[in-house]
Every structure is written in C-alpha cells, then in structure tokens.
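Remarks on the structure that follows.
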Amino acid sequence: MQDFTALDGAILVDKPCGPTSHDVVDAIRRQFGIKKVGHCGTLDPNATGLLIIVLGRGTKLSEKLMGDDKVYEGTIKFGETTDSYDADGELVASLPVMPMTLDELNEAAATFIGDQMQIPPMVSAIKKNGVPLYKLARKGIEVPREPRLIHIYNFRFTDYTEPVGTFKIACTKGTYVRSIAHDLGQKLACGAHLATLRRCVSGKFDVAEAKPLAEILRLSVPELEKRVIPFLKLAGT
C-alpha cells in the first residue's frame with residue numbers, strides 16, 4: 001500500500017478575478033515548493049469562484065474530479081455582442097434591447113435546458129493541431145470547431161434590470177457559459193455577452209468551503225496541510 005503525505009490531495013481555492021487558473025497553480029507551486037500541482041476545470045481570468053487544486057499524488061485524480069457537474073452564478077448584459085462572448089472581448093455589435101419581463105427572459109432561458117451540441121468559442125483553450133484556439137483568434141484566424149455534447153440541468157434568471165440579467169445555471173463539464181449567453185442573445189435578436197461568472201459548485205464541493213487565494217498563500221506549510229482533502233477521501237467522492 002502506498003504511503004501518502006499530508007500534501008497528497010486537494011485544496012479548495014476561491015479564485016479572484018484576474019489570474020488564470022494556471023497562474024493560481026504556479027503561485028501555489030512556488031509558495032509551498034510542491035512539484036506536482038494541477039487544477040480541475042479551467043476558469044477564465046475574469047471568472048471567480050471554486051477552483052479545485054490538486055497536489056502531489058492528488059494530481060492523479062484530476063480527470064475524475066474534472067468530470068463532475070458544475071453550478072455557476074453570473075450576469076449577462078443584453079444588447080452588446082463581443083468576439084469572445086464575454087466582457088473581455090471586443091465589441092462587435094450593439095443593438096436595442098426589446099422590453100421584456102423576468103418571466104419572458106426565463107421562458108427563453110428554459111429552451112436551453114436538456115442535451116445540446118455546443119460549438120466551443122474561438123477564444124478558448126481548446127487546441128487545434130497543438131495550438132490553443134485563442135492564439136489563432138488573436139491573429140484573426142477562425143477555424144472549424146467540433147460541436148460537443150453538453151447538458152443543461154437548470155438555467156434561470158433571478159433578476160432582470162435592463163440590460164443586465166442575473167442568472168444561475170447547472171450544467172455538465174465542458175459547458176461554455178459564455179456561449180450560452182451569446183446564444184441567448186441571438187435567440188432574443190438583441191445580442192448579449194457574459195458580464196460576470198462565478199463557479200459555486202463542482203461535484204460535491206462548494207465554494208463556501210473554499211478559501212480566497214490570497215489567504216491560502218499566507219498559510220504556513222503545516223497550516224496548508226490541515227486544509228488538504230486527503231487523497232483517499234478524494235478517491236472515494
């Protein structure tokens with residue numbers, strides 16, 4: 001039987017707006033001198049919330065943990081379409097937003113529930129012939145992308161103050177929420193983009209259990225060890 005150390009497992013980080021998921025991995029690796037560090041599910045730089053960071057032998061479970069369903073909260077701005085489908089991108093179209101109630105918005109959102117084939121956006125980390133799509137997008141190159149099967153369990157707006165709606169969505173892994181925002185804007189004939197996004201849940205883990213990155217980086221190694229979810233507990237989730 002393998003011997004596991006106190007740093008073989010995972011920690012739950014509440015990622016701030018700004019750094020990439022890889023930036024978070026690098027910061028933890030450098031701060032604590034851990035050779036093997038990874039993350040379970042990319043969050044865009046401007047997205048916040050739950051990021052599962054695997055350490056040591058815990059990295060062997062990254063695929064398992066990455067496959068779990070997710071829950072997000074966020075806001076969508078209607079009337080403006082961007083090339084990246086979110087607030088980071090360049091504005092490509094601006095259209096008037098027709099008056100609509102919260103109920104009418106939820107009627108449109110409900111049409112997305114269930115299985116669907118989603119085409120990943122060009123501004124994404126998916127690779128084409130070894131090159132990330134976002135690097136091609138920066139050069140103005142667009143290439144065909146294979147649609148992927150995703151499932152939306154629930155998609156509902158809790159508030160709408162024109163032109164911004166606040167929503168919650170539960171979905172399978174690999175779902176691009178900004179593509180959902182873009183497609184909803186197309187359906188409503190006014191365009192839209194994802195303004196903010198926060199991951200609340202991944203599998204059995206909740207952001208309420210996570211600690212902000214800045215707080216994690218201030219821990220001593222013994223304090224970090226106390227926050228690690230052990231490998232064997234992770235393997236059984």
Side-chain angles (χ1 to χ4, degrees), residues 1-74 86 88 124-127 132 134 150-151 153-154 168-178 194 196-237:
M1 186 173 177
Q2 285 184 316
D3 290 328
F4 294 98
T5 73
L7 289 175
D8 287 323
I11 55 172
L12 306 181
V13 175
D14 187 345
K15 177 190 156 323
C17 179
T20 65
S21 299
H22 190 65
D23 289 339
V24 175
V25 167
D26 278 349
I28 290 172
R29 182 189 290 120
R30 287 195 308 268
Q31 180 66 22
F32 299 103
I34 304 170
K35 289 183 179 179
K36 288 187 177 180
V37 182
H39 66 78
C40 303
T42 302
L43 280 175
D44 289 335
N46 275 353
T48 67
L50 181 61
L51 190 63
I52 302 173
I53 298 292
V54 280
L55 311 171
R57 290 196 180 119
T59 55
K60 295 179 179 179
L61 300 174
S62 59
E63 288 295 324
K64 174 183 184 295
L65 297 172
M66 214 176 292
D68 289 332
D69 296 333
K70 313 288 194 294
V71 177
Y72 298 90
E73 293 177 347
D86 63 11
D88 275 347
S124 66
I126 293 171
K127 292 182 178 179
Y134 69 84
I150 62 167
H151 185 87
Y153 298 101
N154 192 30
K168 190 169 188 176
I169 188 169
C171 54
T172 49
K173 72 158 189 174
T175 300
Y176 282 91
V177 181
R178 51 197 164 99
L194 184 66
T196 62
L197 187 69
R198 180 168 177 78
R199 184 153 65 202
C200 307
V201 176
S202 180
K204 294 183 178 180
F205 301 109
D206 194 291
V207 72
E209 307 167 80
K211 291 291 183 185
L213 176 61
E215 191 172 320
I216 292 286
L217 295 176
R218 287 196 296 267
L219 298 176
S220 64
V221 172
E223 288 170 335
L224 179 69
E225 290 174 347
K226 291 177 183 177
R227 293 213 58 84
V228 172
I229 303 165
F231 180 95
L232 294 177
K233 184 176 180 180
L234 282 179
T237 57

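Between Asp44 and Asp88 the shortest side-chain heavy-atom distance does not fall below 4.5 Å. Contact of the Tyr72 side chain with the Thr175 side chain is not registered, since no non-hydrogen atoms from C-beta on lie closer than 4.5 Å. For the pair Leu51 and Arg199, the minimum side-chain heavy-atom distance is below 4.5 Å. Side-chain contact between Phe205 and Leu234 is present, with heavy atoms from C-beta onward closer than 4.5 Å. Lys173 has its side chain out of reach of Met66: every pair of non-hydrogen atoms, C-beta onward, lies at least 4.5 Å apart. Two residues are said to be in side-chain contact when any heavy atoms from C-beta on lie closer than 4.5 Å; Leu65 and Ser202 fail this criterion.
The shortest non-hydrogen separation linking Cys200 to Leu50 is O-CD2, 4.3 Å. Closest approach of Arg29 to Val37, counting heavy atoms only: NH2-O, 3.4 Å. Shown here for Val54 and Cys40, the closest heavy-atom pair between the two residues is CG1-SG, 3.8 Å. Here the shortest heavy-atom pairing between Leu61 and Ala235 reads CD1-N, 3.8 Å. Asp8 and Gly56 make their closest contact through OD1-CA, 3.5 Å (heavy atoms, listed as atom of the first residue, atom of the second, distance). Summarising the geometry of Ile52 relative to Ala10, their closest heavy-atom pair is CG2-CB, 4.1 Å, with the distance given to 0.1 Å.
The line from CD of Glu209 to CD1 of Ile229 is 7.0 Å long, rounded to the nearest 0.5 Å. The distance from atom NZ of Lys15 to atom OG1 of Thr42, rounded to the nearest 0.5 Å, is 10.5 Å. Here Glu73 contributes atom CD and Ile169 contributes atom CD1; the two are 12.0 Å apart, rounded to the nearest 0.5 Å. Considering CG of Leu224 and CG of Leu7, their distance stands at 5.5 Å, rounded to 0.5 Å. In this structure, CG in Leu43 is found 7.0 Å from CG in Leu197, a value given to the nearest 0.5 Å.
Side-chain N or O atoms of Lys36 include none that pairs as donor or acceptor with a backbone N or O of Arg57 at under 3.5 Å. In this structure, Thr59 contributes its side chain and Gly38 its backbone to no donor-acceptor pair below 3.5 Å. At distances below 3.5 Å, not a single donor-acceptor pair connects side-chain atoms of Asp26 with backbone N or O atoms of Asp23.
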* Just do the side chain to side chain contact (heavy atoms under 4.5 Å, CB included) check on Lys168 and Asn154 with the steps written out, would you? => CA-CA 8 Å; Lys168 190 169 188 176; Asn154 192 30; over 6 Å; no

* Full working for side chain to side chain contact (heavy atoms under 4.5 Å, CB included) between Ile11 and Ile216 -> CA-CA 9 Å; Ile11 55 172; Ile216 292 286; 4.0 Å; yes

* Show your working on side chain to side chain contact (heavy atoms under 4.5 Å, CB included) between Leu55 and Ile28 and close with a plain yes or no. => CA-CA 9 Å; Leu55 311 171; Ile28 290 172; 4.2 Å; yes

* Take Val25 and Ile53 through the test side chain to side chain contact (heavy atoms under 4.5 Å, CB included) and record every step on the way to the result. => CA-CA 7 Å; Val25 167; Ile53 298 292; 4.0 Å; yes

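The side-chain hydrogen bond (donor to acceptor under 3.5 Å, both in side chains) search around Ser21 returns none, not counting sequence neighbours. Annotation: side-chain hydrogen bond (donor to acceptor under 3.5 Å, both in side chains) contacts of Asp206 (sequence neighbours excluded): none.
Under the salt bridge (charged side-chain N to carboxylate O under 4.0 Å, His left out) criterion, the residue pairs touching residues 213-230 are Lys211-Glu215, with sequence neighbours excluded.
Salt-bridge annotation for Arg198 and Asp14: present, with a side-chain N of the basic residue lying under 4.0 Å from a carboxylate O of the acidic one.
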